[in-house]
Visitor: 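Quick one: this structure, given as structure tokens, is what I'll be asking you about.
Reminder, nothing fancy here: chain letters follow the sequence lines and each chain counts from 1.
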Amino acid sequence: MMPVKIIAVGSPFGDDQIAWQIAEDLQNILQRENNISIEANIVTVDRPGVNLINVWQGWQNVCVIDAVIMDKAIGTVERFTVEQLNDYQSAIIHSSHDFGLQQTLQLASMLGQLPEKLIIYGIVISAKQQADLQKKRDKICNEILKYLIVDY
Amino acid sequence: MKTKSINIPILARVEGEGALHLEIVNNQIQQLQLKIYEPPRFFESFLQGRDYNDVIDIVARICGICPVAYQMSAAAAIEQAFNITISPWVRAMRRAYYCGEWIESHSLHIHLLAAPDFLGFKSILDMAKQYPDEVRRGLRLQSLGNQLIALFGGRSVHPVGACVGGFYRAPEPQAVTELLIKLEQGLVDAEALLLWLGKLTLPDNSQDFTWVSLCHANEYPINEGRLKSNKGLDISKEEFLDHFAETHCSYSTALHCTLQGQPYLVGPLARLNNNYHFLPKQLLTILDKLPIKLPSQNMFHSIIARAAEIYYAIYHARELLTNYHAPQAAHANVTVQTGSGFGCTEAPRGLLWQYFEVNENGLVMKANIIPPTSQNQARIEQDLYHSLQQFGLHSEQDDLRQYSEMLVRNYDPCISCSTHFLNLTVKRQ
């Protein structure tokens with residue numbers, strides 16, 4: 001098992017808080033369950049933009065948990081490698097506010113500052129179905145935990 | 001009659017969303033409208049009825065780039081309302097905290113938004129291929145600013161450490177010692193950034209305009225001072241509304257603030273023009289090597305002004321944090337009383353003026369917030385009128401759009417703050 005930096009991207013309110021909540025749940029599980037051998041350093045970040053590159057600096061194994069909007073059921077966990085994420089059409093960058101995860105990964109790649117291993121777990125959200133998302137919190141956490149055990 | 005109409009439907013690489021409409025008749029600009037179409041966010045109304053202590057955290061939410069500025073102007077206003085005198089330690093540490101925001105915001109603007117213009121790239125992603133070391137340096141500087149904010153604020157985005165009277169807690173000496181080492185390294189990066197920018201070919205669009213900034217008797221202004229212009233204005237923050245007025249334009253959701261009905265500039269170039277004599281000797285020596293003579297009337301020198309302020313902020317924060325000690329109390333005691341107060345500080349983008357009325361229970365009865373971008377809007381339109389004529393209105397639509405965006409970006413408008421940027425539409429006749 002390799003030490004992994006887990007970066008949960010979100011904010012304290014609304015449907016975008018799901019990654020932070022999952023980070024908290026993961027932290028509790030890893031502290032409680034001795035039989036899960038994941039050596040993790042978990043941090044929560046609020047709209048980091050390009051600063052994400054600084055957050056993972058010094059770490060070889062990194063996972064990013066972020067909310068995503070996709071044409072899939074809310075609460076679905078989608079696993080992406082950097083290459084897979086790059087296949088999605090980039091949004092046009094109108095402002096630094098729009099400098100999202102995908103653009104940050106592209107910039108990190110150009111600067112040679114991507115971690116050796118980087119996996120992104122995207123949690124499908126919908127602003128209209130926030131309550132439904134909360135009901136799936138345990139399921140989402142367990143699914144990400146399973147991915148973590150396999151990936152790291 | 002020949003009419004040309006140019007629309008820039010979305011202004012790229014600025015904070016927030018806006019558009020520009022140009023109507024050109026017989027090679028003269030007939031109409032020029034900088035349209036801010038993001039909806040107003042009614043923060044002043046949210047604040048009414050709230051406890052004074054909530055204000056500092058709520059106003060931090062106005063902007064993800066300059067939350068410290070909103071906090072510091074609000075704190076100053078409420079402290080005036082309650083007749084609170086802050087300690088010398090709080091005063092010094094607030095300057096250090098604010099320096100973090102200047103470093104972070106200016107680094108972001110120079111590298112992510114402005115530099116690609118002067119180097120002929122569409123975005124930082126293209127620029128990073130050819131200038132990876134410079135982009136890495138920019139990210140290091142931005143991170144340094146964020147760390148300085150987090151030292152006092154607990155986190156860099158929407159920090160929570162500031163309160164009326166000072167800070168909830170003083171930073172640990174060990175954390176300050178560690179940051180001092182990084183500030184030392186940051187000074188090397190800031191000098192390299194200035195020398196690199198000095199090699200860029202910046203267009204000359206020098207013009208006569210009014211600039212306004214805080215001015216302090218003994219220091220480069222951040223949190224305090226009188227409002228002074230290059231055309232004789234010299235007033236206190238309490239006299240602001242006697243000279244400045246906000247008006248609503250039908251084509252924009254953001255208010256336009258003018259000085260006696262005329263446009264004016266706020267921001268780094270205004271500050272530098274008014275206060276460069278307070279910069280440390282080392283920085284003045286570096287500036288002497290660059291193609292800029294202060295005071296400057298060339299708006300394209302704004303990028304150099306930002307870099308100069310990055311250097312200053314790192315230098316000054318280092319100065320303030322050397323021999324740091326944690327005080328017994330990180331904030332002054334607060335006694336709630338009915339009152340009103342004014343706050344006016346220098347946000348990265350310029351003057352940020354606030355006014356609060358608080359009742360005997362400490363609840364906000366009235367709030368008025370005038371951010372830098374609403375102050376710069378009329379000035380941006382004035383600059384576009386002048387500079388586009390100089391550029392040549394017969395130019396191709398794409399060239400006009402690119403040049404317009406470049407001009408607007410010089411002001412680093414934070415539309416999210418002012419309500420909130422460029423779609424260009426041009427109609428030619």
Visitor: Quick check on Gln134(A): does its CD atom have over 12 non-hydrogen neighbours (other residues, nucleotides or ligands) under 6.0 Å away?
Guide: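 More than 12 heavy atoms, drawn from other residues, nucleotides or ligands, come within 6.0 Å of this atom.
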Visitor: CD of Gln103(A) to OG of Ser123(B): how many Å apart, nearest 0.5 Å?
Guide: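 The distance works out to 9.0 Å.
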Visitor: If you round to the nearest 0.5 Å, how far is CD1 of Ile53(A) from CD of Gln142(B)?
Guide: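 The CD atom of Gln142(B) sits 9.5 Å away from the CD1 atom of Ile53(A).
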Visitor: Where on Gln113(A) is there a heavy atom nearer than 4.5 Å to chain B: the side chain, the backbone, both, or neither?
Guide: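 Interface part for Gln113(A): side chain.
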Visitor: Drop me the distance from Gln57(A)'s CD to Arg140(B)'s CZ, to the nearest 0.5 angstrom.
Guide: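 Atom-to-atom, Gln57(A):CD and Arg140(B):CZ are 9.0 Å apart.
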Visitor: Near Asp71(A) CG, under 6.0 Å, is it more than 12 heavy atoms from other residues, nucleotides or ligands?
Guide: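 At most 12 heavy atoms, drawn from other residues, nucleotides or ligands, come within 6.0 Å of this atom.
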Visitor: Hey, could you give me the CG/CE distance between Leu107(A) and Met127(B), rounded to the nearest 0.5 Å?
Guide: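 If we round to the nearest 0.5 Å, Leu107(A):CG and Met127(B):CE are 9.5 Å apart.
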Visitor: If you count the non-hydrogen atoms of other residues, nucleotides and ligands that lie under 6.0 Å from CD in Glu33(A), is the total more than 12?
Guide: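 For Glu33(A), atom CD is crowded (more than 12 foreign heavy atoms under 6.0 Å).
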Visitor: Do you know the tightest heavy-atom contact between Gly112(A) and Arg136(B)?
Guide: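 Minimum heavy-atom separation between Gly112(A) and Arg136(B): N-NH2, 4.5 Å.
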Visitor: Does Asn51(A) reach the side chain of Val157(B), with side-chain heavy atoms less than 4.5 Å apart?
Guide: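 A side-chain contact is absent here, since even the closest heavy-atom pair is not under 4.5 Å.
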Visitor: Side chain, backbone, both or neither: which part of Pro48(A) has an atom under 4.5 Å from a heavy atom of chain B?
Guide: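 It is neither, since no heavy atom gets under 4.5 Å.
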Visitor: Using non-hydrogen atoms only, which part of Asn54(A) is less than 4.5 Å away from chain B: side chain, backbone, both, or neither?
Guide: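 Just its side chain gets close to chain B.
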Visitor: Tell me which one of Ile124(B), Val135(B), Leu112(B) satisfies side-chain contact (heavy atoms from CB on, under 4.5 Å) with Val50(A).
Guide: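 Exactly one option meets the side-chain contact (heavy atoms from CB on, under 4.5 Å) with Val50(A), and it is Leu112(B).
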Visitor: Might you point out which heavy atoms bring Leu111(A) and Pro132(B) nearest each other, and give the distance in Å?
Guide: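 For Leu111(A) and Pro132(B), the tightest heavy-atom pair comes out as CD2-O, 3.5 Å.
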Visitor: Within a radius of less than 6.0 Å around CD1 of Ile69(A), do more than 12 heavy atoms belonging to other residues, nucleotides or ligands occur?
Guide: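 Counting other residues, nucleotides and ligands, CD1 of Ile69(A) stays at 12 neighbours or fewer.
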Visitor: Does atom NZ of Lys139(A) have more than 12 heavy-atom neighbours, drawn from other residues, nucleotides or ligands, at distances under 6.0 Å?
Guide: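 More than 12 within 6.0 Å, yes.
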